[in-house]
Number of protein chains: 2
Amino acid sequence: MDELDSAIVRELQRDARQSNRDIARKVGVAPSTCLERTRLLRERGVIRGYHADITPSALNRGVQALVSVQVRPLSRAVIDAFKAFAHGLPEVTAVFVMAGNDDFVIHVSAQDNDRLHAFLVDRLSQRKEIVGFRTSIIFQHLAKHDPAPLPGA
Amino acid sequence: MDELDSAIVRELQRDARQSNRDIARKVGVAPSTCLERTRLLRERGVIRGYHADITPSALNRGVQALVSVQVRPLSRAVIDAFKAFAHGLPEVTAVFVMAGNDDFVIHVSAQDNDRLHAFLVDRLSQRKEIVGFRTSIIFQHLAKHDPAPLPGA
DNA sequence: CCGTTCTGCCGAACAACATTCGGTGCGACG
DNA sequence: CGTCGCACCGAATGTTGTTCGGCAGAACGG
């Protein structure tokens, strides 16, 4: 993970669909070198994939929420089972396993408030390991797909 | 946004770096048609960009947290200012503007616990509009970059 | 200090690709 | 029934991905 790798990663974070030749030119190496580096980054697991960022409303997901969930008992079996369950639900776009008061935070998106409510009541609250959950609506979601490097790194 | 558009979007969510020809073959149209559709999806803002998904530890971001923040007064000026401030910090990878008890939830990632703590104390808590915040460490973060379509959609 | 080995990079070659554009079929509309 | 407009197609062309042989410099050992 030298400076060249970082530069390639940065470019691919910024725009994953630009040509390998463009990236090579920007980072200052031959296209063949850049391609080999990228292949190795993928192989090493540094690059996990390339994904299009889609407007949620275009996917009929105009309403989003964060749901804090507490489960009991706090055993590995229960945690893994709930994690897998949540991750498998189509309305769920992310699962955070947490330390602190809440055991999970689930990022959920639905077509409208009615369907969000139905999801919470019909799917989530069915699970017997849940001893409590709190839902907070998301007004706005600003994601940083191209984060600036950390100061002291 | 017909069935063909959805299929193209699905493919680009799954793998944004596959060739236009491959996508065209999978969705069953000519490459030129597929390219034109993709161009329009971008132009309409449905596709917001293409980004590489990078392992956080490779970016020196091994520790992640969700920080719930309350600010006062709850005016547009204060909310917009804090939102811009948070979004500009390099440790911040996402900002959620919320309804409910918390006004913001901030997704933060740092190199280690020390730097996370330093960030919270030196950067975040400096802001005078903050009247309270609560930090929860993230043990695990499962994101779904290729969500299954919603049932009733 | 020299020879060997190894590693990473380069540039050329070729197959695959993106992109453009004129043509065509089909449904809508008058 | 004729005409218009729209979406798609396929061929053409310049560009790109990908492979591979070779080369230079570092690392190592004698």
Side-chain angles (χ1 to χ4, degrees), chain A residues 1-62 111 143 145-147 149-150 153, chain B residues 1-62 111 143 145-147 149-150 153:
Chain A
M1 202 62 191
D2 58 6
E3 192 45 54
L4 180 53
D5 284 330
S6 296
I8 293 173
V9 162
R10 232 185 337 263
E11 279 305 316
L12 284 171
Q13 277 190 304
R14 206 179 53 75
D15 178 7
R17 244 183 120 71
Q18 61 185 319
S19 75
N20 177 64
R21 283 177 124 94
D22 281 348
I23 300 171
R25 190 170 36 74
K26 287 182 197 169
V27 304
V29 293
S32 52
T33 303
C34 187
L35 193 72
E36 175 68 3
R37 290 279 194 147
T38 307
R39 200 183 58 77
L40 287 175
L41 285 168
R42 210 103 221 225
E43 216 166 62
R44 274 191 277 149
V46 172
I47 298 175
R48 298 194 288 203
Y50 308 98
H51 306 284
D53 175 27
I54 307 296
T55 298
S57 60
L59 299 172
N60 284 321
R61 292 167 178 273
Q111 196 157 358
H145 295 287
D146 180 6
L150 292 175
Chain B
M1 202 61 190
D2 59 5
E3 192 45 54
L4 179 53
D5 284 329
S6 296
I8 293 173
V9 163
R10 233 184 336 262
E11 280 305 316
L12 285 171
Q13 278 189 304
R14 205 178 55 73
D15 178 7
R17 245 185 118 72
Q18 60 185 320
S19 73
N20 179 63
R21 281 176 121 90
D22 281 348
I23 300 171
R25 190 170 36 76
K26 288 181 196 169
V27 305
V29 293
S32 51
T33 303
C34 187
L35 193 71
E36 174 69 2
R37 288 279 195 148
T38 306
R39 199 183 60 75
L40 288 175
L41 286 167
R42 245 224 110 174
E43 216 165 65
R44 274 191 277 150
V46 172
I47 297 175
R48 298 194 287 202
Y50 307 98
H51 306 285
D53 175 27
I54 308 297
T55 299
S57 60
L59 298 171
N60 284 321
R61 292 167 178 273
Q111 196 157 357
H145 295 287
D146 177 8
L150 292 174

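Keep in mind that what you see is a predicted model, and the values were worked out from it rather than measured. Note on naming: letters A, B, ... go to the chains in the order of the sequence lines (proteins, then strands), and numbering restarts at 1 for each one.
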**Asked** Considering only heavy atoms from C-beta outward, does the side chain of A:D53 approach that of B:I47 to under 4.5 Å?
**Response**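 Answer no - side chains too far apart.
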**Prompt:** Does the side chain of B:T33 come within less than 4.5 Å of B:E36's, by heavy atoms?
**Reply:**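 Of all side-chain heavy-atom pairs linking B:T33 with B:E36, none is under 4.5 Å.
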Kindly give the heavy-atom pair with the smallest separation between [X] and [Y], and that separation in Å.
| X | Y | value |
| --- | --- | --- |
| B:R42 | B:G49 | NH2-CA, 3.4 Å |
| A:P147 | B:R61 | CB-NH2, 3.8 Å |
| B:A16 | A:A52 | CB-N, 3.8 Å |
| B:R17 | A:S19 | NH2-C, 4.4 Å |
| B:T55 | A:G45 | OG1-O, 2.7 Å |

**Request:** For DNA chain C, determine which residues of residues 12-27 of chain B have any heavy atom closer than 4.0 angstrom to one of its atoms, and list them numerically.
**Result:**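 Correct list: B:S19, B:N20, B:R21.
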**Item:** Residues from residues 32-43 of chain A lying under 4.0 Å of DNA chain C - heavy atoms
**Value:**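 Close to the strand are A:S32, A:T33, A:R37.
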**Message:** Using a 3.5 Å distance criterion without hydrogens, assess whether the side chain of A:N60 forms a donor-acceptor pair with backbone atoms of A:Q111.
**Reply:**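 Between the backbone of A:Q111 and the side chain of A:N60 there is no qualifying donor-acceptor contact (under 3.5 Å).
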**Prompt:** For B:P31, does its backbone N or O pair with a side-chain atom of B:R21 as donor and acceptor, under 3.5 Å?
**Reply:**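 No, because the side chain of B:R21 does not come within donor-acceptor range (under 3.5 Å) of the backbone of B:P31.
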**Request:** Can you sort out which residues in residues 44-54 of chain B have a heavy atom within less than 4.0 Å of DNA chain D? Ascending by number, please.
**Result:**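 When residues 44-54 of chain B is checked for heavy atoms under 4.0 Å from DNA chain D, there are no hits whatsoever.
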**Message:** What range of DNA chain C does chain A touch, first nucleotide to last, counting atoms under 4.0 Å from its heavy atoms?
**Reply:**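 So the contact region on DNA chain C extends C:dC9 to C:dG11.
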**Message:** Nearest 0.5 angstrom please: A:D146 CG to B:H51 NE2, how far?
**Reply:**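 The distance works out to 8.0 Å.
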**Prompt:** Rounded to the nearest 0.5 Å, how far does OG1 of B:T38 lie from CD1 of B:I23?
**Reply:**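 Answer rounded to 0.5 Å: 6.0 Å.
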**Item:** Dot-bracket line, read 5' to 3' along DNA chain C, where crossing pairs take [ ] and | marks a partner on another strand, Watson-Crick or G-U under 3.5 Å
**Value:** ||||||||||||||||||||||||||||||
Show me, pair by pair, the donor-acceptor contacts under 3.5 angstrom made by side chains of residues 4-11 of chain B, not counting sequence neighbours?
| from | atom 1 | to | atom 2 | distance (Å) |
| --- | --- | --- | --- | --- |
| B:D5 | OD1 | B:R37 | NH1 | 3.1 |
| B:D5 | OD2 | B:R37 | NH1 | 3.2 |
| B:D5 | OD2 | B:R44 | NH2 | 3.4 |
| B:S6 | OG | B:D2 | O | 3.3 |
| B:R10 | NH2 | B:E3 | OE2 | 3.4 |
| B:E11 | OE1 | B:R14 | NE | 3.4 |
| B:E11 | OE1 | B:R14 | NH2 | 3.0 |
| B:E11 | OE1 | B:Q18 | NE2 | 3.0 |
| B:E11 | OE1 | B:K26 | NZ | 3.4 |

